[in-house]
2 protein chains.
Amino acid sequence: MAGRSYGQYCGVASALDLVGERWALLIVRDLLVGPRRYSDLQAGLPRIPTNILSARLKELQAGGVVRRAPVVRGGYELTAYGRELEDVVLALGRWGFKSMGEPQDGDVVTSDSLTMAFRTAFVPDAARRHPDATYVVHVGDVSLVVRVERGRLAVVPLNGAVPAALAAVRDDALAHVDLEFAAGPGIRDVISGELSGAEAIERDVVHIVHGDPDMLDRFGQTFHLEPAVPPSSDR
Amino acid sequence: MAGRSYGQYCGVASALDLVGERWALLIVRDLLVGPRRYSDLQAGLPRIPTNILSARLKELQAGGVVRRAPVVRGGYELTAYGRELEDVVLALGRWGFKSMGEPQDGDVVTSDSLTMAFRTAFVPDAARRHPDATYVVHVGDVSLVVRVERGRLAVVPLNGAVPAALAAVRDDALAHVDLEFAAGPGIRDVISGELSGAEAIERDVVHIVHGDPDMLDRFGQTFHLEPAVPPSSDR
DNA sequence: CCGGATCCGAATCGATACTG
DNA sequence: CAGTATCGATTCGGATCCGG
């Protein structure tokens, strides 16, 4: 499966031998949200060719990263070892956030990628200061229920079927939504702190559907990622 | 250069568009140690085809990750943005460490990969308890001077030319080496804590060249990575 | 319809040779 | 030393096909 290894006795090389092939870490990203069926993964990675998805799933299984999900019919899930890739995916997401400019033509936002983005941006310390809040967020055609409860984060899709446990969380959250808003790509300037809540609303980067607009600042503190370094500070 | 993007407006996808191609992160790994010339990179990545190295360096420059090093003739170095990949490389190294079994035929250990491995395994808290120690470590045909000074880590190759600043660190360190040892791949069991210093010496995993063998335990505390999770604990 | 397997042209990779 | 050029071997991407 890894016909071509990097040939180095090194942790980084070993990791890349397992998850360094094209698409592999995006599959892992989606599986970090939860078990997924073949067609779920395909839907979440619109550009992946079906033979590549198939090949990657086989390789990831052979590498002990992924296994068949016994409960979900036709499902895949991460092994314990695979779940430990969360650090890697979060680090990549933090770094890559800084180079996300405007979306390119045809770029999509998926439910799973946005869910992982919230996990990446989540600041536990800030959440501890405001331990409870519930947001409903619309980006593109993805809608998520983002809940901070006792300083812990849960993200659940607003629509669609979810496991019973998550459905309970979702229904509970929807009973008391603090803030519901729709946002475009400019939301990243709120996440990076380059735009205050009020500025974001004024510039139509964020449209408040429901709730107290001041909550948007709390949102920006709870979910924060560093903005891009200016190229000038290159030294 | 990135003719084929993943087409997702997502930090992880954006990161992989920049450094997800084959060999890219290994080039970054080596550049994290310091500026390198084309031939240094080639020597540190014995299996990379020269046209691929050339192509990657171009792409990484276009992506703002790498630039020509003004000081070193023919050199490359990371930009400020590129240096921020350290988190990613360390996370990958930590994860990949767990799947490093025995070295495969033809696997090499390079100076730069071992240097980054020490940075990955370095435990600042443990170093704070023993803030000063100097080791000379031989693995394969790589020899490094590993120095902890006031709780901070510096790794310098034992042989070969280095910039003046590093040469000073090296000479200073060599003046009072606490422990010099040679090790094979089994060194990873010391790093993972699965072998005590005494056991490692007894089983010939580590050969003490010079110094107090008891220092090997301190070494194992200062440089620690989690061992592989047993497949049984998969839930 | 879901979960893939198969086929094929296009792009990339890997090995080697060659050049300023 | 620092790459470019070339070319066969792989892999990738897109589409189609097939069994349950």
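Reminder, nothing fancy here: chain letters follow the sequence lines and each chain counts from 1.
Partner A/Y9 forms a side-chain hydrogen bond (donor to acceptor under 3.5 Å, both in side chains) with one of B/Q104, B/R188, B/E102 and no other, that one being B/R188. Test B/R37, B/R83, B/R67 against B/E77 for salt bridge (charged side-chain N to carboxylate O under 4.0 Å, His left out) and you get one pass: B/R67.
By the side chain to side chain donor-acceptor pair (under 3.5 Å) test, B/E226 is found to be paired with B/H224, residues two or more places apart in sequence or in another chain being considered.
Listed pair B/K58 / D/dA2 fails the phosphate criterion, with no side-chain N or O lying under 4.0 Å from OP1 or OP2. Contact between the side-chain N/O atoms of A/R4 and the OP1/OP2 oxygens of C/dG14 is found at a separation under 4.0 Å. The shortest distance between the side-chain N/O atoms of A/Y76 and the OP1/OP2 oxygens of C/dG4 is below 4.0 Å.
Within the structure, every pair that satisfies the side chain to side chain donor-acceptor pair (under 3.5 Å) test and touches residues 134-144 of chain B, not counting sequence neighbours, is listed here: B/T134-B/R147, B/H138-B/S143, B/H138-B/E180. Each ring-ring contact (aromatic ring centres under 6.0 Å, His included) pair with one or both residues in residues 32-62 of chain B, not counting sequence neighbours, would appear here, but there are none.
Contact check of residues 49-56 of chain A against DNA chain D (heavy atom, cut-off under 4.0 Å) returns A/P49, A/T50, A/N51, A/I52, A/R56. Of the residues in residues 19-45 of chain B, those placing a heavy atom less than 4.0 Å from an atom of DNA chain C are B/E21, B/R22, B/W23, in numerical order.
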Starting at the 5' end of DNA chain C, write a dot or bracket for each base, bracketing those in Watson-Crick or G-U wobble pairs whose two distances are under 3.5 Å and using | for partners on another strand. ||||||||||||||||||||

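Salt bridge present: A/R119 and A/E86 bring a charged side-chain N and a carboxylate O closer than 4.0 Å. In this structure, B/R56 pairs ionically with B/E59, as a charged nitrogen and a carboxylate oxygen lie closer than 4.0 Å.
The interatomic distance linking A/I48 (CD1) with D/dG14 (C1') rounds to 13 Å, in whole Å.
Between A/F118 and A/F122, the distance from one ring center to the other does not fall under 6.0 angstrom.
If you check the side chains of B/R29 and A/Q8, you find a donor sitting under 3.5 Å from an acceptor.
More than 12 heavy atoms of other shown residues, nucleotides or ligands fall within 6.0 angstrom of atom CZ in B/R68.
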